[in-house]
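Quick notes on the structure that follows.
Here the structure is a predicted model, which is why all the values come from computation and not from measurement. Atom set for the values below is all heavy atoms of this structure, side chains included, hydrogens, waters and symmetry mates excluded.
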Amino acid sequence: MANAGAQNDASTEYWPIYIARSDGQGYPNLDHSALSPNEDQDVTQQERWEVIVAGHLQNQIGPKDDKRQYKLAGFPKGYELRCAVRKDGGRDYYLYGHPLGPKANYRTPGEFALHALWLVSDSTDNSQCPCDLCPKYLERTRPERERSLAPALPPPLTSAAIPPTRPAAATQPPVATPNPAPTQQLVQQQQPQPPPPGTTGWTNVFRVGELVWYKHTAWRLGVILAITPQPGTPIQPGAPDTSFHFTLAPLGHALLEQPSLIKDCQSMRPFLTFSVPHTGMDELRDKTFDMVNWQALAARFSQDPDPNKRETSRQMLSLEASKMGARAINDAFSTFDLFAQGTTADGAMLVQHYGGVYLGAEMVRVGDPIRVVATPGVGSPSQQPQQQSAQHPDLPPDANLVMLVTEIQVLTPTSPTNNVRGATLQFKGNIYRAVRLSTALPPPPGTVPAGEPPGPAFAEELATRNAIDKGGGDSSTENRGNGWSWSWVLVAAQVVRGEPDVQGRFYVTERLMGAIDPARWQEWVQRGRLEEAPAYLNNRGHSGGGRFAGRRAGRAAMLGDAVGVEFRVPAGMVEN
């Protein structure tokens, strides 16, 4: 079991936690390099892992009124954190020692925290461990275990053995359906859920079909065509973006025939990280991508007898096309994985329920968190009074609100008129906000109980905040001299937000800042005070061309001639 060690020195920052039980193997000749006490990054990362894992333990099994900060006194016996130095000088860290073998490793503190929770429990059954490595270990050792059983036991039921089901097509007005996405809880999850098609994990940053910025001399725009594991990298569910290579198609125009390229996540940024510049050519202003005769422009520029000028003109045309193409893509949406449809009570609208949508630059699935506005804007779906329960009248104007998407709906008029045209996209779900609360005061209404996060991104975000954010510089009356912790607070239950009200996907702070500004993230960790990461992203509406195009037939139709290769949705996704 884990024990908090005695603390006599009041100036010491953390109380130590000792994990007495271990299944670590202490393998010799492990991959990558041992950490050096003389390397600042190694020392910082060792402490970071110890603080985050201890924070998970404290949040899940510690007393709720405990005001202290904790850190592992060391990894369990037989486990070792090692470092891989990249070509660009950056460093990636991996924790080795799991009985699965010397090549198996944990890639983030959150991954190992799940195993640490099992180690400090009373269970000795690896099937009850929620980490990613234990199920693989059980599968590898199953023949040996089955030979030792008399009589033989039936094989365990796994998620792969359960046939997928879809609700029948609705003939009545659709009703709210349970969230089909896994609401993973750190202790109760029995088997790791495979990531949905087109993703590498519920909390990773990049997905197939999304627009990104990539570093290629300067920052350029592209779309992710495919994601593949880096050579020699064993991939478990939940592996971070650093484990993958990303095949990108540059944005521009198909007639320019730009070749695809491969990047790693350190060379990429989410689309909403930067604003799309305005076009620099006067003749392109006030036009959309589809209004431009790109072929005539290319033919005109190709007439220059100077080859250097021709190449410069070609690059300029590619740049302008990429900017206009990105704006056009951001002003449209397409849907996939239809699972139910019906009509409204008055029969005026066809209502279709989808598993996911490409909304502008991003992929959003049922079960994802998205950033939304507090109050629906003009043209957004109205809210019923019963949807307003748990509203907070004292909500700060700069509050970052996160909706857990439980429904993605498209409403289309059954009989279009001059006053009603096109399809309306809307999202339904609970809206939450991360709040730093004093443990000396009763929690406000709607506070989500500790250990019951709404979804994996919510759990990971909360664990990171509570482990790292020490409240440096906070001298407010309500927190001075008191303990505190971060919690999710329900702001509104089962409300509807329309497409204009969605600011973009919500990304876990550590994963987002680790992608867009690692140095700033390390600064936050070292000072023990996190800033609100969404402040470093644009809202979706700020990057469009201002002429919303509405629904398109699929992602390839959204991309149109802005890419020169055929885009295909990942296997397992059905566009409709």
Side-chain angles (χ1 to χ4, degrees), residues 2 4-7 9-17 47-72 109-110 113 117 185-187 369 390 392-402 431-454 457-491 506 508-510 513 520-535:
Q7 183 77 297
D9 183 0
S11 65
T12 303
E13 199 167 33
Y14 297 101
W15 290 61
I17 289 181
E47 180 175 270
R48 171 178 170 269
W49 277 65
E50 292 172 347
V51 169
I52 292 178
V53 173
H56 276 276
L57 296 175
Q58 168 64 9
N59 291 336
Q60 295 300 314
I61 62 177
K64 293 184 178 180
D65 58 350
D66 192 344
K67 305 174 184 179
R68 295 169 292 185
Q69 299 284 336
Y70 288 93
K71 184 176 78 169
L72 294 185
L117 284 166
Q185 295 187 12
L186 292 177
V187 181
H392 288 234
D394 56 346
L395 195 66
D398 60 346
N400 291 302
L401 303 182
V402 182
I431 295 179
Y432 300 89
R433 137 175 215 244
V435 181
R436 189 170 174 270
L437 302 174
S438 169
T439 57
L441 301 174
T447 301
V448 178
E452 299 180 16
F458 291 82
E460 192 172 322
E461 176 70 12
L462 208 62
T464 299
R465 287 181 180 238
N466 280 324
I468 294 177
D469 195 335
K470 296 183 284 293
D474 189 343
S475 58
S476 61
T477 302
E478 62 176 298
N479 285 314
R480 190 184 304 125
N482 296 326
W484 58 269
S485 65
W486 282 96
S487 298
W488 288 105
V489 175
L490 180 67
V491 174
F506 171 80
V508 175
T509 295
E510 178 178 3
M513 298 307 295
R520 188 183 300 272
W521 165 250
Q522 288 301 325
E523 177 191 338
W524 294 357
V525 172
Q526 291 170 6
R527 77 184 186 196
R529 187 62 187 267
L530 304 183
E531 298 178 16
E532 290 296 328

Calculate, to the nearest 0.5 Å, the distance between atoms [atom1] and [atom2] belonging to [X] and [Y] respectively.
X    : Y    : atom1 : atom2 : value
L437 : W484 : CG    : CH2   : 10.5 Å
R68  : I17  : CZ    : CD1   : 9.0 Å
I468 : Q69  : CD1   : CD    : 11.0 Å
R520 : M513 : CZ    : CE    : 6.0 Å
N400 : R433 : CG    : CZ    : 8.5 Å
L530 : W486 : CG    : CH2   : 8.0 Å

Counting N and O atoms only, with roles assigned by atom type, does the side chain of [X] sit under 3.5 Å from a partner on the main chain of [Y], one being a donor and the other an acceptor?
X    : Y    : value
W488 : F458 : yes
N466 : S485 : no
E461 : T509 : yes

Exercise: identify the closest heavy-atom pair between [X] and [Y]:
X    : Y    : value
V402 : P369 : CG1-CB, 3.5 Å
A467 : G55  : CB-CA, 4.2 Å
L72  : A54  : N-CB, 3.6 Å
H56  : G110 : NE2-CA, 3.9 Å

Close side-chain approach of V489 to P444, heavy-atom, < 4.5 Å: yes
Close side-chain approach of Y70 and L57, heavy atoms under 4.5 Å: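 Y70 vs L57: side chains apart.
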With R465, the salt bridge (Lys or Arg N to Asp or Glu O under 4.0 Å) member among E532, E531, E460: E532
